[in-house]
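Before any comments, here is the structure.
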Amino acid sequence: MTKAADAGVAAGRDRWPAGAAWMEGSYCPVEEAKISVLDLGLTRSDCTYDVVHVWRGRFYRLDAHLDRFSASMARLRLDPGLDRAGIEAIVHGCVRRAGLREAYVSMTCTRGRTAVGSRDLRTATNTFHCFAIPFVWISTPDQQASGASLWISQVTRIPPQSVDPAVKNYHWLDLDMALLDAYDHGAQLVVLRDLTGAITEGPGFNVFAYVDGRWLTPAAGTLEGITRRSVIELASEVGQPLEQGLLTAGDLRRAAEVLITSTAGGIMPVTVVDGRPVGTGTPGPLTAQLRDRYWARHEDPQYSTPVRYN
Ligand SMILES: Cc1ncc(COP(=O)(O)O)c(C=O)c1O
């Protein structure tokens, strides 16, 4: 980074150490960003969002996240009132004001409030907000050294016919209830099955299992994770076979390696499934190879963009 950018990072950190937000046309400390109790994003989960991260002062695949966010808004007939360049400028602005070199950056478009006394959705004014906070890990680097424990839940994932999982959404009651249940079983993470019993995804992550000589990940019924996409590309680069198809609970239980993928932490090893060790019970070499390449990509201009700190 340049000296001016360094100074920008330091100034932001001193001012708003917990993070910065953009709401209703201006920036503020993240603690001060508040949403109306009447916003349908809150009362109906009628909203969509996306999360991109910053690592060592660079966004990872910002274009892919902006593409997905814009497709999600179009699908839900939401209008943020800003064009892509406007959203991009705000995303940079939040990181700059928070002075973060490693950040979790979330952008949300909500249905907003309907006209007074009306329930007609068409009278609602959609809203956009964004915030940047310190980087969030589903599994911290320390936890990744030994691997996480995963529980296969009895809670069924909301069917894709009801809520399209490809549109990133806040319909998290199935995911949250399943996670609380997993904690009760001594596990750190949880994955949910669909109505047919096929594995789908977990709260904030996609899942992969190495079975019968190839990585297997659900072909459908999940968010099309940007980190998932990275794993598919990286596996091909390093010659690890990979298939998108049907992943079952049995596959997860007999896999040689299991990993989860998320913007919140990258590629993270799972070493326990339903209380039993995965393979040798330690993070496997295939996962490690993918993870090293994933983090190396964060320096590659093909996949990363420097934050505009000044
Ligand atoms: C339900 C769900 N699945 C998967 C993911 C992983 O997606 P990405 O790799 O784009 O972060 C997320 C991210 O938050 C998610 O919410």
Side-chain angles (χ1 to χ4, degrees), residues 41 45 47-55 59-73 75-76 91 102-109 130-133 135-139 144 148 150 152-153 155-160 162-179 182 189-194 198-209 215 217-235 242 244 247 258-270 287 290-291 293-295 297-298 303-304:
S45 297
C47 58
T48 187
Y49 75 118
D50 217 288
V51 177
V52 60
H53 70 277
V54 172
W55 193 253
F59 284 103
Y60 184 63
R61 304 192 93 155
L62 179 55
D63 279 340
H65 285 278
L66 291 174
D67 286 347
R68 187 172 67 183
F69 186 48
S70 127
S72 296
M73 289 188 291
R75 187 74 205 280
L76 301 186
V91 166
E102 276 79 37
Y104 172 103
V105 189
S106 181
M107 53 201 117
T108 305
C109 185
C130 178
F131 63 82
I133 56 174
F135 191 79
V136 173
W137 299 92
I138 290 184
S139 228
Q144 288 181 43
L150 177 74
I152 303 174
S153 182
V155 178
T156 304
R157 182 82 175 110
I158 298 174
S162 305
V163 175
D164 182 354
V167 173
K168 203 165 153 65
N169 65 73
Y170 285 152
H171 289 265
W172 271 50
L173 272 182
D174 55 346
L175 300 169
D176 279 3
M177 292 303 108
L179 185 55
L189 306 173
V190 74
V191 72
L192 281 72
R193 286 173 282 194
D194 67 14
I199 296 289
T200 61
E201 59 190 339
F205 58 82
N206 294 109
V207 62
F208 292 72
W215 286 108
T217 195
T222 70
L223 179 71
E224 288 164 15
I226 309 292
T227 326
R228 173 184 185 274
R229 190 188 304 175
S230 293
V231 165
I232 293 167
E233 294 163 358
L234 290 167
L242 186 146
Q244 299 174 57
L247 179 66
V258 173
L259 64 82
I260 61 158
T261 60
S262 176
T263 294
I267 299 171
M268 295 163 276
V270 168
T287 305
L290 296 173
R291 195 176 54 163
R293 291 218 164 208
Y294 169 77
W295 287 107
R297 265 189 174 194
H298 287 63
Y303 301 103
S304 64

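In listed order, ligands and their atoms are each counted from 1. On a predicted model such as this, the values are computed, not experimentally measured, just so you know.
Listed by chain and residue number, the protein contacts of ligand 1 are Tyr49, Arg68, Lys168, Trp172, Glu201, Gly202, Gly204, Phe205, Asn206, Leu223, Gly225, Ile226, Thr227, Thr261, Ser262, Thr263 (heavy atom within 4.0 angstrom).
Taking the six-membered ring where tryptophan is involved, the planes of Trp55 and Trp295 are tilted, since the angle between them lies from 30° to 60°. Between Tyr294 and His53, the ring planes lie tilted relative to each other; the angle falls in the 30° to 60° range. Between Tyr303 and Tyr60, the ring planes lie tilted relative to each other; the angle falls in the 30° to 60° range.
For the salt bridge (charged side-chain N to carboxylate O under 4.0 Å, His left out) test, residues two or more places apart in sequence or in another chain that qualify with Glu233 are Arg61, Arg297.
Between the Thr200 side chain and the Leu192 main chain, a donor and an acceptor come within less than 3.5 Å of each other.
Counting all heavy atoms, side chain and backbone alike, Pro218 lies closest to Leu247 at CD-CD2, 3.9 Å.
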